[in-house]
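The structure appears right after this line, and notes come after that.
Scope of the values below: all heavy atoms of this structure, side chains included, with no hydrogens, waters or symmetry mates. We count residues from 1, following the sequence as given.
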Amino acid sequence: MMAETKKEFVARRLDEVIHEWEADAPAGGPGSEGSEGPLVTAQRHRAEIDTATDARIDEIADAYPQIAQAWSSRGA
């Protein structure tokens, strides 16, 4: 099996984070429209991943300390 690239790793971890946050998010109640919460930001970052440059992948990963730490500690 080929080694997972940083882009693939960050995308997979963002998918996990988004899934957890969606599960914990309250149903769209009053005041939820127009909010720029961490879930919306994570979804936006995930949408960027496929076309992001390596530098942008680094920026996105750095925005999520748990992802950046997991990347740096994997098999190193």
So, do Arg56 and Ile60 sit near enough that their side-chain heavy atoms are less than 4.5 Å apart? yes
Does Val17 reach the side chain of Arg46, with side-chain heavy atoms less than 4.5 Å apart? no
About how many Å separate OG1 of Thr53 and CD of Glu59, when rounded to the nearest 0.5 Å? 7.0 Å
Where does the angle between the aromatic ring planes of Tyr64 and Trp21 fall among parallel (under 30°), tilted (30 to 60°) and perpendicular (over 60°)? tilted
By salt bridge (charged side-chain N to carboxylate O under 4.0 Å, His left out) - contacts of Glu16 (at least two apart): Arg12, Arg13
Which is it for His45 and Ile49 under the side chain to side chain contact (heavy atoms under 4.5 Å, CB included) test, yes or no, and what are the steps along the way? CA-CA 6 Å; His45 285 154; Ile49 293 275; 5.7 Å; no
Determine whether more than 12 heavy atoms belonging to other residues, nucleotides or ligands lie under 6.0 Å from atom CD of Gln69. no
Which heavy-atom pair separates Ile57 from Ala52 by the least distance, and what is that distance? CD1-CB, 3.7 Å
